[in-house]
Protein chains: 2
Amino acid sequence: MNPDALRGHMDALLLSVLEREPLHGYAIIEALLERSGGALNVPTGTVYPALRRLERIGYLSSEWATVGGRKRRTYRLTDSGRKQLEGERSAWQEFTSVIGSVLRAEAAQIPR
Amino acid sequence: MNPDALRGHMDALLLSVLEREPLHGYAIIEALLERSGGALNVPTGTVYPALRRLERIGYLSSEWATVGGRKRRTYRLTDSGRKQLEGERSAWQEFTSVIGSVLRAEAAQIPR
DNA sequence: TACCTACATATAGACAGCCTACATGTAGAC
DNA sequence: GTCTACATGTAGGCTGTCTATATGTAGGTA
C-alpha cells in the first residue's frame with residue numbers, strides 16, 4: 001500500500017477501529033492488519049503520533065493501564081470523535097465517488 | 001475535497017484524463033472539474049508541477065503549441081504512462097477495497 | 001482609454017502527515 | 001543467555017499539495 005495513498009485517511013481508519021471498543025496502540029495496529037486482511041501494516045511511527053494528535057484535537061481520550069506487567073495507553077472515542085467518524089465515513093463515500101468517476105470515465109474516442 | 005486525501009491519487013487522475021486525448025494544463029483542470037461534477041477544482045499550483053513531474057518520470061511527453069495567440073503546452077500519455085495508468089487503476093481498486101473493509105466493519109457490540 | 005474576465009503557464013515557499021530509524025523496556029520461551 | 005513478541009515513543013527526512021504571486025494574451029465593455 002502506497003504510503004501517500006493513506007494520507008488524509010488515517011484518521012478515519014483509527015477512529016473506525018476504536019468505534020466498537022477502546023484499544024491501545026499496539027492492538028490498533030493489529031486490528032487494522034486483521035480487518036484489512038493483512039494489507040494494512042501501519043508502522044508504529046505513524047500510529048502513535050497520529051493517536052496523540054487525535055487526542056489533542058479531542059476525538060480520543062486515553063488512560064494508562066498495566067496488563068501482565070506491561071504498560072498500555074488505552075484510547076477511546078469521545079463523543080466528538082464519534083461524530084467525527086460519521087463525517088469521515090461520508091467524506092470517504094464522497095471521495096471514492098469523485099475519484100472513481102474520473103478514473104472510470106470510459107475512453108470514448110472522438111469519431112473521425 | 002480535503003487536499004490530503006488527494007495525495008497519491010493525483011497521478012491517476014492526470015493520467016486518466018489524458019487517456020482519451022492529449023490536453024494542455026488548463027484544459028486538464030477543466031476536464032477534472034467536469035468529470036467530477038464540479039467537485040475537483042485542482043489549483044494550478046498543483047497541476048503544473050505534477051505534470052512536469054510525470055513528464056520527468058516518463059509517463060507524459062509534451063510539446064508547445066500556439067492557439068489563438070496563446071501558448072499551450074500539450075501533454076500526451078507515453079506507452080509507459082499508459083501502462084502506469086493500468087497500474088494506478090488496479091491500485092485504486094485495491095485501495096478502496098482495503099480502506100472500505102476497515103471503515104465498513106460493523107460495530108458489533110460484545111454481548112454482555 | 002481603462003478595466004475586467006477568461007485563458008494560459010509557472011515558481012517559491014509554507015505546511016503537514018506519513019515514513020524510517022532508533023531508543024527503551026517487560027515477559028516468556030528455548 | 002538469547003530471541004521473539006509485546007508495547008510506547010521521538011527525531012528527522014521526505015514529498016506532494018497548497019497558497020500566493022508573477023507574467024502575459026485576447027476580447028468585451030464602460
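Chain identifiers are assigned alphabetically (A, B, ...) following the order of the sequence lines, protein sequences preceding nucleic acid strands; residue numbering begins at 1 within each chain. None of the values given here were measured: they were computed from a predicted structure.
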Trainee: Using only side-chain N and O atoms of A:Y48, determine if any of them is under 4.0 Å from OP1 or OP2 of D:dT8.
Mentor: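 Answer is yes, contact under 4.0 Å.
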Trainee: When the distance from OH of A:Y26 to C1' of C:dG25 is rounded to whole Å, what number comes out?
Mentor: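 These atoms are roughly 14 Å apart.
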Trainee: Any heavy-atom pair between the side chains of B:S16 and B:L85 that's under 4.5 Å?
Mentor: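 They are in contact (side-chain heavy atoms under 4.5 Å apart), so the answer is yes.
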Trainee: When you check the phosphate oxygens OP1 and OP2 of D:dG9, does a side-chain N or O of A:R52 lie under 4.0 Å from one of them?
Mentor: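 It does, given that an N or O in the side chain of A:R52 lies less than 4.0 Å from OP1 or OP2 of D:dG9.
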Trainee: Toward the 5' end of DNA chain C, which comes first, A:G69 or A:A50, by nearest nucleotide?
Mentor: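 Mapping each residue to its closest nucleotide by heavy atoms, the 5'-most match is A:A50.
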Trainee: Has the side chain of B:T44 got a donor or acceptor that lies under 3.5 Å from a partner of the other kind on the base of C:dA10?
Mentor: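 Yes.
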Trainee: Decide, yes or no, whether a salt bridge links A:R89 with A:E19 under the criterion of side-chain N to carboxylate O below 4.0 Å.
Mentor: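 Salt bridge present between A:R89 and A:E19.
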Trainee: Return the value, rounded to whole Å, for the distance between atom CG of A:L60 and atom C1' of D:dT8.
Mentor: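 In whole Å, D:dT8 C1' and A:L60 CG are 16 Å from each other.
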Trainee: Look at the rings of B:H9 and B:W92 and say which category their plane angle falls in: under 30° parallel, 30 to 60° tilted, over 60° perpendicular.
Mentor: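 Because their plane-to-plane angle is over 60°, the rings of B:H9 and B:W92 count as perpendicular.
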Trainee: Whether A:R72 contacts D:dA7 is assessed here as follows: a side-chain N or O lying under 4.0 Å from the phosphate OP1 or OP2. Is that the case?
Mentor: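 For A:R72, the contact criterion (side-chain N or O under 4.0 Å from OP1 or OP2 of D:dA7) is met.
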Trainee: Choose from C:dC7, C:dC18, D:dC6 the nucleotide whose nearest atom is closest to any side-chain atom of B:E30.
Mentor: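 Of C:dC7, C:dC18, D:dC6, C:dC7 is nearest to the side chain of B:E30.
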Trainee: Would you kindly give the CG-to-C1' distance between B:N41 and D:dT19, to the nearest whole Å?
Mentor: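 It works out to 14 Å between those atoms.
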Trainee: Could you give the CG-to-P distance, from B:D11 to D:dG16, as a whole number of Å?
Mentor: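 Atom CG in B:D11 sits about 8 Å away from atom P in D:dG16.
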Trainee: Checking side-chain hydrogen bond (donor to acceptor under 3.5 Å, both in side chains) between B:Y59 and each of B:R82, B:Q84, B:E88, which is the one that passes?
Mentor: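 Of B:R82, B:Q84, B:E88, side-chain hydrogen bond (donor to acceptor under 3.5 Å, both in side chains) with B:Y59 is met by B:Q84 alone.
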Trainee: What's the closest nucleotide to the side chain of B:P43 if the choices are C:dT9, D:dC18, C:dC19?
Mentor: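 Of the options given, the side chain of B:P43 lies nearest D:dC18.
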Trainee: Look at B:R7 and C:dA16 and indicate whether a side-chain polar atom (N or O) is within less than 4.0 Å of OP1 or OP2.
Mentor: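 For B:R7, the contact criterion (side-chain N or O under 4.0 Å from OP1 or OP2 of C:dA16) is not met.
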Trainee: Output the rounded distance in Å from CE (B:M1) to P (D:dC18).
Mentor: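 For the pair B:M1 CE and D:dC18 P, the rounded distance is 11 Å.
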Trainee: Would you kindly give the CG-to-P distance between B:L51 and C:dT11, to the nearest whole Å?
Mentor: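 Atom CG in B:L51 sits about 12 Å away from atom P in C:dT11.
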Trainee: Starting the side chain at C-beta, find the nucleotide from D:dT10, C:dT9, D:dC6 nearest to A:P49.
Mentor: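 So the side chain of A:P49 is nearest to D:dT10.
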Trainee: Does the side chain of B:R53 get closer than 4.0 angstrom to OP1 or OP2 of D:dT15 through an N or O atom?
Mentor: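 So the side chain of B:R53 is outside the cut-off, no N or O lying under 4.0 Å from OP1 or OP2 of D:dT15.
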Trainee: Please determine if A:E55 and A:R73 form a salt bridge, counting it only when a charged side-chain N lies under 4.0 Å from a carboxylate O.
Mentor: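 A salt bridge is present here (some side-chain N lies under 4.0 Å from a carboxylate O).
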Trainee: Rounded off to whole Å, could you give me the CG-to-C1' distance for the A:N2 and D:dT15 pair?
Mentor: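 To the nearest whole Å, that distance equals 11 Å.
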Trainee: Could you tell me which non-hydrogen atom of B:G25 sits nearest to which non-hydrogen atom of B:Y48, and how far apart they are?
Mentor: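 Minimum heavy-atom separation between B:G25 and B:Y48: CA-CE2, 3.9 Å.
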Trainee: In terms of the nearest nucleotide of DNA chain C, which residue is placed more toward the 5' end: A:D4 or A:G68?
Mentor: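 That would be A:D4.
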Trainee: Can you tell me which nucleotide in C:dT9, C:dC18, C:dG17 comes closest to the side chain of B:R73?
Mentor: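 Shortest atom-to-atom distance from the side chain points to C:dT9.
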Trainee: Side chain of B:H24: nearest nucleotide among D:dC18, C:dT9, D:dA5?
Mentor: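 Nearest to the side-chain atoms of B:H24, counting from C-beta on, is C:dT9.
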Trainee: Could you check whether B:G45 gets within reach of a base, just the sugar-phosphate, or nothing at all, counting any heavy atom under 4.0 Å?
Mentor: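 B:G45: base contact, heavy atoms under 4.0 Å.
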Trainee: May I have the distance from A:W64 (atom CH2) to D:dT8 (atom P), rounded to whole angstrom?
Mentor: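 Whole-Å distance recorded here is 7 Å.
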Trainee: Checking contacts here: which listed nucleotide (C:dC7, C:dA27, D:dG9) is nearest the side-chain heavy atoms of A:R70?
Mentor: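 Among C:dC7, C:dA27, D:dG9, the one nearest the side chain of A:R70 is C:dA27.
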